[in-house]
Engineer: 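Pasting a structure here, questions to come.
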2 protein chains.
Amino acid sequence: MSGGEKVLNERKKAILKAIVDAHIAGGEPVGSKFLTQNQQIGCSSATIRNEMAELEEMGYLEQPHTSAGRIPSEAGYRFYVDQLIDRYNLTESEIDELRGALRQKQNELDAIMQTAVTLASKLTNYTALSLRPRQARISVGRFELMRLDDTTAVLIMLIGSVVKTKYIRSNRTIPPEATAMLAGVLNAKITGLTAGEITLPLVMEMERMMGDYDYLVTPVVRAVCETISGFDGGDLRFEGINRLLAYPEFYDMDRLRELLALFEKKDTLLEVLSDEARSGDRVQIFIGRENLVKVMDNSTLVFKTVTQNGKPVGAIGIIGPTRMNYRRVIATIDSLSRGITETIDGPRHPEGDES
Amino acid sequence: MSGGEKVLNERKKAILKAIVDAHIAGGEPVGSKFLTQNQQIGCSSATIRNEMAELEEMGYLEQPHTSAGRIPSEAGYRFYVDQLIDRYNLTESEIDELRGALRQKQNELDAIMQTAVTLASKLTNYTALSLRPRQARISVGRFELMRLDDTTAVLIMLIGSVVKTKYIRSNRTIPPEATAMLAGVLNAKITGLTAGEITLPLVMEMERMMGDYDYLVTPVVRAVCETISGFDGGDLRFEGINRLLAYPEFYDMDRLRELLALFEKKDTLLEVLSDEARSGDRVQIFIGRENLVKVMDNSTLVFKTVTQNGKPVGAIGIIGPTRMNYRRVIATIDSLSRGITETIDGPRHPEGDES
DNA sequence: GTTAGCACTCAGATGATTCAAGTGCTAATT
DNA sequence: AATTAGCACTTGAATCATCTGAGTGCTAAC
C-alpha cells in the first residue's frame with residue numbers, strides 16, 4: 001500500500017492514463033484493441049495486453065470478468081490524479097461567470113458559500129457540497145437586545161462571524177430601559193465564555209447588577225446557554241443531488257439510498273471533513289474507500305479548504321463517481337475556493353480580532 | 001370530472017375501499033379472488049368481477065393489462081380519501097414524542113419547523129417538507145447596528161418575525177457614536193418601506209440628518225435594499241429524500257431525477273404551495289396530476305397550513321407515492337401542524353403587531 | 001341478482017442459443 | 001529479448017421460444 005511506490009515505465013504510464021481517460025469518458029471497461037488507436041502508445045494490442053496484465057498485477061487495474069476489458073482500480077485512480085494529469089485551466093468565460101457570481105454577494109460568507117456550491121455543481125455536473133466546520137470553543141462575542149413589545153424581545157448574539165438570534169418571552173414586562181442595561185451586563189460578563197463557564201455565582205452577580213430587573217437575567221441566560229450548546233457551527237449543504245443519478249454507478253438503488261441517508265444525517269461527513277479541512281490549502285481527494293465511510297466506495301470526494309485571512313473557515317467540494325472528470329473538477333474547486341477567499345479577504349482586515 | 005358525483009352502493013364502496021387498502025399495503029394489482037377473503041364483502045369472485053368492471057367504467061379503477069388485477073385510478077384515490085377513510089388517531093406514545101420534540105424549541109419558528117419536518121418524515125416514512133411562504137410586501141420593521149471594529153459593522157434587520165443580518169464594510173472609519181445615530185435614522189425613516197419606496201430624496205434627507213457621517217448612509221441603504229430584494233421569505237425544505245427510494249414507484253431513474261430536480265429548484269413547488277397554503281385549515285391533498293407539476297404524476301402531496309395567531313405562517317407536508325398510507329399521513333400532518341400552532345401561539349400575543 | 005365454470009389473454013419467468021468482445025498463450029518474427 | 005500475429009477459450013449480454021399462472025369476461029345455470 002504505502003512505501004516503495006513502484007516505478008512505471010513510460011509506456012505503462014501512457015497505457016494507464018489512456019485507460020483511465022477512456023473509462024472516465026465512456027464508463028465502459030477498456031480493451032487492448034481500443035488502445036491501439038491511441039497515438040501515445042505505439043505498439044500492438046498483444047503488447048498492450050502484456051502490459052495490462054502487469055499493471056493488473058501491480059494493482060492499478062482490475063477486470064470485472066475474464067472477457068471484459070480493464071478498469072482502473074482505486075490505486076489506479078490515485079496514481080492517475082497524483083502523477084498523470086496535467087493541470088486543467090478553466091476557460092476565460094467560466095472564470096468570468098465564477099467571479100461575477102461571487103462578486104454579487106460581497107458580504108455574507110454564508111451567501112457566498114451557497115452561490116459557490118450551486119456554481120460548482122453546475123460547472124462540473126456533479127453533486128457539490130459546502131461545509132462550515134464545527135468549532136471547538138464556542139462563545140458569544142457580542143450581545144444586542146431588541147425589544148419588540150411589552151413581553152418579547154430578540155436577543156442577538158455574534159458567534160464568531162455568525163449572527164444568531166433567539167426570541168425571549170417573559171411573563172412580566174420587559175421595560176424599554178431594561179434592554180440596553182441587560183445587553184450591557186451580558187457584554188460585560190459573559191462574552192467569550194463557553195456554556196460551561198457560565199456559573200451560578202456569575203448569574204447571581206448579574207442579577208445584582210440588574211437591580212429591579214433581575215427577573216430578566218435567568219430566562220436570557222438560559223437562552224444564551226441553549227444557543228451556545230445548540231450551535232456547533234457545523235453546516236453541510238448539498239446541491240445538485242439529482243445529478244448523481246445521471247451516472248450509471250449510482251443506479252443501484254440500495255447504494256443510492258445509503259448515500260442519500262449519509263447526505264441527510266450529515267454528522268459523519270461533517271466529522272470527516274472537519275478533520276481534514278484544516279490540513280493545508282491543496283485540493284484534497286478521497287478516492288473510494290480510501291478514507292471515507294464504507295458507503296462511499298466507488299465514489300470520490302474532491303474538496304478544498306476556504307480560508308479567510310489565512311484561517312480555514314469552511315470548504316467546498318464535489319462528490320461523484322470514482323470515474324469522474326478529475327481534471328475539470330480539481331480545476332473548478334481550486335478556482336472557486338481561491339475566488340471565495342479573494343472575495344472575502346478583499347477589504348483587508350486589521351490583524352486583531354475577537355474569535 | 002366535476003359535478004354530479006356518482007353514488008356508489010355499499011358493496012361497491014366496500015370493494016373500492018378494499019382494493020385501495022390492499023394496493024396501498026402490497027403495491028400489487030388486486031384481483032377478484034383475493035377480495036373474497038375480505039369479510040366486508042360477502043359475495044363470490046364473479047360478482048366482484050362484475051362490480052369491478054362497473055367501477056372501472058366509472059373511472060375509479062384501472063387495469064394495467066388484461067390479465068392483471070385492478071389498481072385504483074387517481075379518481076379512485078380521491079374518492080377513497082374523501083369518503084372512505086375513517087380518521088386515524090396517533091397512539092399516545094406517538095403524540096408524546098411529537099409534543100416532546102416540539103416543546104424543546106420554544107422560540108424559533110424556524111427551529112420548530114425543522115424539528116417538525118424531521119419528525120414527520122420519521123413517523124410516516126415518507127419524504128417530508130416544510131414551507132415558509134413568500135411574502136407579498138417586504139419591509140424592515142426594525143434596525144439595529146452592531147459595530148465590530150473600525151471599518152466593519154453588522155446591520156441587523158427584523159423582517160416580519162425573521163432576523164436578517166448583513167455585514168457592512170466601509171473604506172472610512174465607522175465611529176462608535178455613529179452607529180446608534182445611524183440606527184436611529186434608519187428606524188425613523190425606512191421602517192415599513194419596501195425596496196421601491198426608498199427614494200433618492202429620502203436617502204438625501206437621511207444624509208442630512210447624519211451630518212458628518214453622511215458617507216455611511218449610502219452603503220447601508222444599499223445593503224438594506226439588497227436584503228429586502230433578496231428576501232422573499234420563501235423557504236422550502238425537505239427531509240428524508242432517501243425514503244422515497246424505498247418505494248418501487250420511484251425506481252424509475254428518470255422520474256426520480258426530475259423529482260429531485262424539482263426539490264432543488266423549489267420555485268415551482270414554492271409557488272404551488274404558497275398559493276394553496278392560505279386556503280383554510282384543513283389537510284390538503286393533491287393526488288397525482290390533480291393540481292401539480294406534471295413531474296408528479298403517481299405522487300401525492302399532503303400538507304397543512306401552520307398558523308400563528310390565526311395567520312398562516314407556513315406549512316408542513318408529505319410527499320410520497322400515490323399509493324400511500326393516507327390515514328396515517330393525514331393524521332400525522334394534522335397533529336403536527338396543530339402541535340406547532342399550539343406551541344408558537346402558546347404565550348398569548350397581544351393583538352396589535354407590526355407585520 | 002348471484003354464482004359456477006370455462007375459454008382466453010398476457011406479463012413474467014425460465015431456459016437454450018447465439019454473439020461478440022476481449023483475454024491469455026504460443027509460436028513466429030524482428 | 002522484445003514484439004506481434006494468430007487462435008482457442010471464456011463469459012456476460014442479447015435474443016428468442018416456451019411455459020406458466022393469475023386474472024379476466026362471458027355464458028349458462030341456480
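Every chain is numbered from 1 and lettered A, B, ... according to where its sequence line falls, protein lines coming before strand lines. Just so it is clear, the structure is predicted and the values come from calculations on it, not from any experiment.
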Engineer: Contact between A/T332 and A/L90 at the side-chain level, heavy atoms closer than 4.5 Å - yes or no?
Structural biologist: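 Yes. Closest side-chain heavy atoms under 4.5 Å.
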Engineer: Would you please classify the geometry between the A/F263 ring and the A/F238 ring as parallel, tilted or perpendicular, with 30° and 60° separating the classes?
Structural biologist: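 A/F238 vs A/F263 ring planes: parallel.
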Engineer: C/dT23 P sits how many Å from A/F34 CZ, rounded?
Structural biologist: 13 Å
Engineer: Classify the ring geometry between B/Y77 and B/H23 as parallel (under 30°), tilted (30 to 60°) or perpendicular (over 60°).
Structural biologist: tilted
Engineer: CG of B/N9 versus P of C/dG1: gap in Å, rounded?
Structural biologist: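 Atom-to-atom, B/N9 to C/dG1, this comes out as 11 Å.
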Engineer: Write down the distance between CZ (B/R49) and P (C/dT3), rounded to a whole number of angstrom.
Structural biologist: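 To the nearest whole Å, that distance equals 11 Å.
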Engineer: Under 4.0 Å, heavy atoms only, any strand: does B/A46 hit a base, just the sugar-phosphate, or nothing?
Structural biologist: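 Base contact.
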Engineer: Rounded to whole angstrom units, what separation is found between the NZ atom of A/K33 and the C1' atom of C/dG24?
Structural biologist: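 So the NZ-C1' distance, A/K33 to C/dG24, works out to 16 Å.
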Engineer: Just how far, in rounded Å, is P of D/dT24 from CG of B/L61?
Structural biologist: 10 Å
Engineer: Taking C-beta and beyond as the side chain, do A/T300 and A/V329 meet within less than 4.5 Å on heavy atoms?
Structural biologist: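 A side-chain contact under 4.5 Å is absent here.
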Engineer: Report the nucleotide, chosen from C/dA11, C/dT3, D/dT24, that has the shortest atom-to-atom distance to any side-chain atom of B/C43.
Structural biologist: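 Per side-chain heavy atoms of B/C43, the pick is C/dT3.
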Engineer: Give a yes/no answer on whether the side chain of A/R11 brings an N or O atom under 4.0 Å of OP1 or OP2 in D/dA2.
Structural biologist: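 Answer is no, no contact under 4.0 Å.
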Engineer: Starting at the 5' end of DNA chain D and moving along, which residue's nearest nucleotide shows up first, B/G69 or B/N50?
Structural biologist: B/G69
Engineer: Would you kindly give the CD1-to-P distance between A/I15 and D/dT3, to the nearest whole Å?
Structural biologist: 10 Å
Engineer: Have a look at A/S45 and say if it touches a base, only the backbone sugar-phosphate, or nothing, with a 4.0 Å heavy-atom cut-off.
Structural biologist: nothing
Engineer: Rounded to the nearest Å, what distance is computed from the CG atom of residue A/L55 to the P atom of nucleotide C/dG22?
Structural biologist: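 Spelled out: CG on A/L55 to P on C/dG22 is 17 Å.
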Engineer: State whether B/R70 places a side-chain N or O below 4.0 Å from either non-bridging phosphate oxygen (OP1 or OP2) of D/dA22.
Structural biologist: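 For D/dA22, OP1/OP2 do not have a side-chain N/O of B/R70 under 4.0 Å.
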Engineer: With heavy-atom distances below 4.5 Å as the criterion, would you say the side chains of B/L55 and B/K12 are in contact?
Structural biologist: yes
Engineer: Using heavy atoms to find the nearest nucleotide of DNA chain D for A/E51 and B/S67 separately, return the residue whose nucleotide is more 5′.
Structural biologist: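 It is A/E51 whose nearest nucleotide is closer to the 5' end.
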Engineer: Among the candidates C/dT3, D/dT4, D/dT24, find the nucleotide nearest to the side-chain atoms of B/S44.
Structural biologist: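 Selected nucleotide: C/dT3.
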Engineer: Measure the distance from CD1 on B/I48 to P on D/dG23 and round it to the nearest whole Å.
Structural biologist: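 Distance check: B/I48 CD1 to D/dG23 P gives 12 Å.
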Engineer: For C/dT9, does the base pair up with any side-chain atom of B/T66 as donor and acceptor (N or O, under 3.5 Å, distance only)?
Structural biologist: no
